[in-house]
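Start at 1 with the first residue, then count along the sequence.
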Amino acid sequence: MTESNENQPNVNNSSQSTSPDHLDGDVAIITGASRGIGRATAERLAADGATVIINYHSNEEAAMAVRNSIETIDGDAIIVQGDIRKEGDVKRLFEAAEREFGSVDIVVNAAAPPTIYKPLAEFTEAEFDRMFDVHAKGTFFILREAANRITTGGRIVNFSTSGTNMRGPEGGPYNASKAAGEQLVSALAAELGDRDIRVNSISPGLTDTDGVVIDDAAIDTLVQQTPLDRPGHPEDIADVVAFLVSDDARWITSHDLLATGGLS
């Protein structure tokens, strides 16, 4: 039975909407931050006041462009190269953040190779391994390191895909590898909750990035199935990340948030 709140004092002082600089003092590691959703997330969290560690795999020039973009709004950012599939690189990424800024408060894992959509019978072993190396093993390395290093009250966001909630042909190994990440998120949220650490995932729908490798006809079909009648943009998804790492989402953990424009 729910007791009435009538005449009860409001003791929750954190219910006000967050301000544009609400992440001041927070240090955020963002993997895959040189392009697409990762870049948009790095720029958005920097605009909200966070100090950003821009992780990239191979394109240093693109990572520098992100840092320059952040510096134009007087934000703080450093660049750290690393492959999340390599345990040593992940440790070095977190060590760099702690060495430069003293702690890690936010971790967003947006690293991803180009999506592969084709019939299961046509997948090669190498393609299968690449999907699972990044989305399962790489996610495991990031989440494990975050579990051991992130501050009390920290926030962790991993990227999944709306494909794990849809039933259809093609992309089976990709969707399966993303589903593995969802399970890791769920387990870690239960393990870290007593430290007030929130762990969530985001499942975007069709999003206009260079990681989309399906043909124009397939894109048109997905747009037609999307109630908001367009593909998502990286900034749309970055705004969802900004919500999940804000105090406005303080009661959300172990959740996979669909950000699809209604595509299901």
(request) Begin with the C-alpha distance, continue with both residues' side-chain angles, and end with the deciding distance and a verdict on side-chain contact (heavy atoms from CB on, under 4.5 Å) for Ile116 and Tyr174. (result) CA-CA 7 Å; Ile116 299 174; Tyr174 170 75; 5.6 Å; no
(request) Tell me, with the steps shown, if Phe101 and Ile78 meet side-chain contact (heavy atoms from CB on, under 4.5 Å). (result) CA-CA 10 Å; Phe101 305 112; Ile78 64 169; 3.8 Å; yes
(request) Could you please spell out the steps behind the salt bridge (charged side-chain N to carboxylate O under 4.0 Å, His left out) verdict for Lys91 and Glu95? (result) CA-CA 6 Å; Lys91 288 182 179 294; Glu95 288 168 354; over 6 Å; no
(message) Evaluate Ile29 against Val108 for side-chain contact (heavy atoms from CB on, under 4.5 Å), listing each step before the verdict.
(response) CA-CA 6 Å; Ile29 289 176; Val108 180; over 6 Å; no
(request) Could you walk me through whether Arg44 and Arg39 pass the side-chain contact (heavy atoms from CB on, under 4.5 Å) test, one step at a time? (result) CA-CA 9 Å; Arg44 172 58 199 268; Arg39 173 174 183 159; over 6 Å; no
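Atom OG of Ser34 sits about 12.5 Å away from atom CE of Met64, to the nearest 0.5 Å. Interatomic distance, Arg230 CZ to Leu228 CG, rounded to the nearest 0.5 Å: 6.5 Å. Expressed to the nearest 0.5 Å, how far CG of Asp247 lies from NE2 of His22 amounts to 8.5 Å. With values rounded to the nearest 0.5 angstrom, Thr51 atom OG1 is found 11.0 Å from Leu45 atom CG. Atom CZ of residue Arg144 and atom CZ of residue Phe94 lie 11.0 Å apart, to the nearest 0.5 angstrom. Atom NE2 of His57 is separated from atom CG of Asp83 by 4.0 Å, given to the nearest 0.5 angstrom.
At least one side-chain heavy atom of Ile156 sits less than 4.5 Å from a side-chain heavy atom of Leu143. A heavy-atom distance below 4.5 Å is found between the side chains of Val27 and Ile53. Using a 4.5 Å heavy-atom threshold, the side chains of Ile150 and Arg195 count as touching. Residues Leu206 and Thr226 are not in side-chain contact: their nearest non-hydrogen atoms beyond the backbone lie 4.5 Å or more apart. Side-chain contact check for Gln81 versus Ile79: every heavy-atom pair is 4.5 Å or farther apart. Counting only heavy atoms from C-beta outward, the side chains of Ile70 and Asp76 never approach each other to under 4.5 Å. Contact annotation: the side chain of Phe159 never approaches that of Thr139 to less than 4.5 Å [non-hydrogen atoms, C-beta and beyond].
Remark: side-chain polar atoms of Asp89 are not paired, donor with acceptor, to backbone N or O of Arg85 under 3.5 angstrom. Checking side-chain atoms of Ser69 against main-chain N and O of Ala65 turns up no donor-acceptor pair under 3.5 Å. A donor-acceptor contact shorter than 3.5 Å is absent between the side chain of Asn55 and the backbone of Ala33. Proximity of a side-chain donor or acceptor of Thr260 to a complementary backbone N or O of Gly205 within less than 3.5 Å is not detected.
A salt bridge is absent between Asp105 and Arg155: the closest approach of a Lys/Arg side-chain nitrogen to an acidic carboxylate oxygen does not fall below 4.0 angstrom. Classification of Lys178 and Glu182 as a salt-bridged pair fails, no side-chain N sitting under 4.0 Å from a carboxylate O. A salt bridge links Glu98 to Arg149: one of the charged nitrogens lies within less than 4.0 Å of a carboxylate oxygen.
Contact record, Ile197 with Thr253: O-OG1, 4.1 Å, taken as the closest heavy-atom pair. Scanning all heavy atoms of the two residues, the minimum distance from Ala259 to Ile202 falls at CB-CG2, 4.2 Å. Val80 and Ala96 get closest at one heavy-atom pair: CG2-CB, 3.9 Å. Counting all heavy atoms, side chain and backbone alike, Phe141 lies closest to Ile84 at CD1-O, 3.4 Å. Of all heavy-atom pairs spanning Thr207 and Pro204, the tightest one is OG1-CB, 3.7 Å. Closest approach of Glu170 to Asn175, counting heavy atoms only: O-ND2, 4.3 Å.
Among residues at least two apart or in separate chains, there is no ring-ring contact (aromatic ring centres under 6.0 Å, His included) pair with a member in residues 222-264.
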Which atom pairs, donor and acceptor, lie under 3.5 Å between side-chain atoms of residues 119-134 and protein residues at least two apart or in another chain?
| from | atom 1 | to | atom 2 | distance (Å) |
| --- | --- | --- | --- | --- |
| Thr124 | OG1 | Glu127 | N | 3.0 |
| Thr124 | OG1 | Glu127 | OE1 | 3.4 |
| Glu127 | OE1 | Lys118 | NZ | 2.8 |
| Glu127 | OE1 | Thr124 | N | 3.0 |
| Glu127 | OE2 | Lys118 | NZ | 2.9 |

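If you check the side chains of Asn109 and Thr31, you find a donor sitting under 3.5 Å from an acceptor. Between Asp256 and Ser160, the side chains place no donor N or O within less than 3.5 Å of an acceptor N or O (distance only, hydrogens not considered). For the residue pair Asp196 / Thr152, no side-chain donor-acceptor distance below 3.5 Å is found, with atom types taken as modelled.
With Leu244 as reference, Val157 is the one residue of Val199, Val157, Ile106 to meet the side-chain contact (heavy atoms from CB on, under 4.5 Å) rule. In summary, of the residues considered (Val107, Asp48, Leu23), a side-chain contact (heavy atoms from CB on, under 4.5 Å) with Val245 occurs for Leu23 alone.
Linking Ile, Leu, Val, Met, Phe, Trp and Tyr residues whenever their side-chain heavy atoms come within less than 4.5 Å leaves Ile37 and Ile142 in two separate clusters. In the hydrophobic clustering of this structure, Ile237 does not group with Leu258; members are Ile, Leu, Val, Met, Phe, Trp, Tyr whose side-chain heavy atoms approach within less than 4.5 Å, directly or through other members. Criterion: ILVMFWY side-chain heavy atoms under 4.5 Å apart, direct or through other members. Under it, Ile30 and Val66 are part of a common hydrophobic cluster.
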